[in-house]
Amino acid sequence: MTRGSTSLVSIDKLDIALPKGADRPLAVSNATLSVERGQIVCIVGESGSGKSVLASAVAGLLPSDSLRVVSGSLTFDGENVLALSEPRLRRLRGARIGYVFQEPMTALNPLLTVGRQVRETLQAHGRSGAADEITSLFASMHLPHPETIVQRYPHELSGGQRQRVAIAIAIACDPELLIADEPTTALDVTTQSEILKLILELRAERGLAVLFITHDFGVVRDIADLIVVMQDGQIVETGISRELLASPGHPYTRRLLSAVPDLTSTPHRDAVNTSAILELSNICKRHKAPRRVFGNARQAVPALNGVNLVLRQGETLSLVGESGSGKSTLGQVITGLLERDEGQFRFMNEEIVRARDLFIRARRPLIQMVFQDPQSSLNPRHTVRRVLTEAAINCGLTKDTAEVRMRELLGRVGIDPSAADRRPHAFSGGQRQRIALARALMLEPRLLVADEPVSALDVSVQAQVLKLLSELQRDLGLSVLFITHDLRVAASISDTIAVMQGGKIVEVGPAGEIISNPKSTYARKLIASIPGRHSIKLRAESFAQRDFA
């Protein structure tokens, strides 16, 4: 079909209904939006704002049993998407509309090699799926050794590599529109920067239009031509990227922008002269490689390689680095979830010889952990009351004392204690993380290890959780080891930042100094990759100057 000059996607007064009993009647209400050829449109908003529902409607992916269009129009290149049969929609998807989901590990089939998954997509749309075509496609995604990667399974690739494979599948048939639903949320800053640059390259080379769903205004600043802000299912503001970011008109947009952490570090405690609560010296940890049915014996893979670290009383120390740098492994060693292979470990001036020594009754309450995903870390079968009180009772508290403490902590983290008999699924993501934080505080710990606790949260919810954590730390005298790949978050909450690379700490110092004057090449690379800090070079030529006809 010849590509015309009209809008590629045109949405007019679209209403999409939610099932009966939902918090509101419409998932999307009175939405009007157009996407031009070669244009990057970013839809931003908090969870539940209707971003993903609107994008799914464009691709004809709305679940018919729970969401339905009740009024309005939606066309793709002049064709009424809402009137298309399922066979016609299947031909449209993949061939002319590509879709990249947020979590490639879930979107990719774990039982098939990534090369075969690309081949199946090509063959479904009448292409041969020849090996050299797939290898060439992987090479254009900047995947290393593409001739080898085609034979690998998703679990054998890194997060960034899996996302590149997902993008390769989405653009394999040269679509005109790419829908990307939070494709960089869980990635570290350098991988995120590479994925964004790749999307801009695809736009430059192919004239690809992109509908990009995100809650990260740093990403928006880097790639958007047009910004669409959604709240509670409604589009509340639309504008050209530069103009909207410089002068947002809607109070909700201003609130979202004000919640974005910046790189201004203001240490909020003076922990320099306090005693150390945690001292690590030459900590090493090696993981055994998976056992193969045939081949050589398993070799140990170093995860931590001579880590030295001091965390002081009342201090927040942020551990930053890319995926695979050893951050989470170190957190698990500190909490006793993993046994170290070598090195000295002192906690509260006491030598910890083995990991299980941390689990004797006297020490067990003193180090607690908050995990990245409360949906996984909170037992879905238990009520919030049981989630919070069970461990406390097992550690010696009476049922009445645990109940009183539970109600106090729920109130403190902003959860109504009367909701204690509800289960985790009945709460939002931000509320679940508050519940996880309350659970960690039930035993009155001295050290809190927080492993990426806000990476999957909206910026406004993220700001609330970070503010709450700082207040609790100040009031309770907690020491916090905060693990993150987001240096903006690290700058906003930390007294000290330690930078990890390849299982080693390559730089450590006051947060302000690390952010403003990093000494190591790796730290400079991380800071330069922060979304929104610098425009990516391909962004310099404006959308208006391009001709994709």
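This is a predicted model, so every value here is computed, not measured.
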Notebook entry, point to check: Is the side chain of S136 donor-acceptor paired with the backbone N or O of E133 at a distance under 3.5 Å, no angle test?
Noted result: no
Margin query: As an exercise, state the distance from OG1 of T184 to CD1 of I199, rounded to the nearest 0.5 Å.
Written below: 7.5 Å
Next item on the list: Output, in order, the C-alpha distance, side-chain angles, deciding distance and verdict of side-chain contact (heavy atoms from CB on, under 4.5 Å) for C42 and V219.
Entry: CA-CA 9 Å; C42 283; V219 170; 5.5 Å; no
Next item on the list: Would you name the heavy atoms of V165 and L157 that are closest together and state the gap between them?
Entry: CG2-CD1, 3.9 Å
Check: What residue among L82, L33, N30 forms side chain to side chain contact (heavy atoms under 4.5 Å, CB included) with L14?
Finding: L82
Checklist line | Short side-chain to backbone donor-acceptor contact, Q39 and D225, under 3.5 Å | finding: no
Check: Atom CG of D216 and atom CG of L256: how far apart are they, to the nearest 0.5 Å?
Finding: 11.5 Å
Next item on the list: Decide if atom CD1 of I240 counts as having more than 12 heavy atoms of other residues, nucleotides or ligands within a radius under 6.0 Å.
Entry: no
Check: Are the side chain of K525 and the backbone N or O of S520 linked by a donor-acceptor pair below 3.5 Å?
Finding: no
Checklist line | Pair V320-I514, side-chain contact (heavy atoms from CB on, under 4.5 Å): steps then yes or no | finding: CA-CA 11 Å; V320 302; I514 295 290; over 6 Å; no
Note to self: Looking at every heavy atom in both L54 and A31, which two are closest together, and how far apart are they?
What the structure shows: CD1-CB, 4.3 Å
Note to self: By the ring-ring contact (aromatic ring centres under 6.0 Å, His included) test, which pairs, at least two apart or in different chains, include something from residues 111-163?
What the structure shows: none
Next item on the list: State whether the number of non-hydrogen atoms from other residues, nucleotides or ligands found under 6.0 Å of R127 atom CZ is greater than 12.
Entry: yes
Note to self: Could you measure the distance from the OG atom of S56 to the CD1 atom of I179? Nearest 0.5 Å is fine.
What the structure shows: 7.5 Å
Next item on the list: Check whether the side chains of S7 and E36 place a donor and an acceptor atom closer than 3.5 Å, and report yes or no.
Entry: yes
Check: Is the closest side-chain heavy-atom distance between Q464 and K467 below 4.5 Å?
Finding: no
Item checked: Evaluation steps, side-chain hydrogen bond (donor to acceptor under 3.5 Å, both in side chains), between R524 and T521 -> CA-CA 5 Å; R524 290 195 293 271; T521 301; 3.3 Å; yes
Notebook entry, point to check: How far apart are the closest heavy atoms of G331 and I483, and which atoms are they?
Noted result: CA-CD1, 4.0 Å
Notebook entry, point to check: Run the side-chain contact (heavy atoms from CB on, under 4.5 Å) check on T113 and V150 step by step: do they pass?
Noted result: CA-CA 7 Å; T113 65; V150 295; over 6 Å; no
Margin query: Main chain of G60, side chain of R93: is a donor-acceptor contact present, judged purely on distance under 3.5 Å?
Written below: yes
Notebook entry, point to check: Counting N and O atoms only, with roles assigned by atom type, does the side chain of Q433 sit under 3.5 Å from a partner on the main chain of P453, one being a donor and the other an acceptor?
Noted result: yes
Check: Can you list every ring-ring contact (aromatic ring centres under 6.0 Å, His included) pair that touches residues 84-114, not counting sequence neighbours?
Finding: Y99-F101
Note to self: Donor-acceptor pair, distance only, cut-off 3.5 Å: does the side chain of T32 make one with the backbone of K13?
What the structure shows: yes
Item checked: N/O donor-acceptor pair under 3.5 Å between Q462 side chain and V454 backbone -> yes
Checklist line | Heavy-atom donor-acceptor pair, Q501 side chain to G321 backbone, under 3.5 Å | finding: no
Check: Is a side-chain donor-acceptor pair under 3.5 Å present for E322 with Y522?
Finding: yes
Next item on the list: Could you please spell out the steps behind the side-chain contact (heavy atoms from CB on, under 4.5 Å) verdict for I171 and L137?
Entry: CA-CA 9 Å; I171 67 159; L137 179 61; 4.2 Å; yes
Notebook entry, point to check: So, are E237 and R254 salt-bridged, with charged N and O less than 4.0 Å apart?
Noted result: no
Margin query: Is it the case that the side chain of R242 and the backbone of L245 share a donor-acceptor pair, with hydrogens and angles ignored and the cut-off at 3.5 Å?
Written below: no
Note to self: Looking at every heavy atom in both S34 and L226, which two are closest together, and how far apart are they?
What the structure shows: O-CD2, 4.3 Å
Notebook entry, point to check: Taking atom SG of C173 and atom CD1 of I97, what is their separation to the nearest 0.5 Å?
Noted result: 13.0 Å
Next item on the list: Quick one: pull up CG in L26 and OG in S71 and give me the separation to the nearest 0.5 Å.
Entry: 7.5 Å
Margin query: Do S492 and L466 make a side-chain contact, defined as non-hydrogen atoms from C-beta onward lying under 4.5 Å apart?
Written below: yes
Notebook entry, point to check: Hey, what do you get for OG (S193) to CD1 (I530), rounding to the nearest 0.5 Å?
Noted result: 10.5 Å
Next item on the list: Without swapping roles, check the side chain of R68 against the backbone of A17 for a donor-acceptor pair under 3.5 Å.
Entry: no
Checklist line | Test item: V81 and V58 side chains (from C-beta on) under 4.5 Å apart, heavy atoms | finding: no
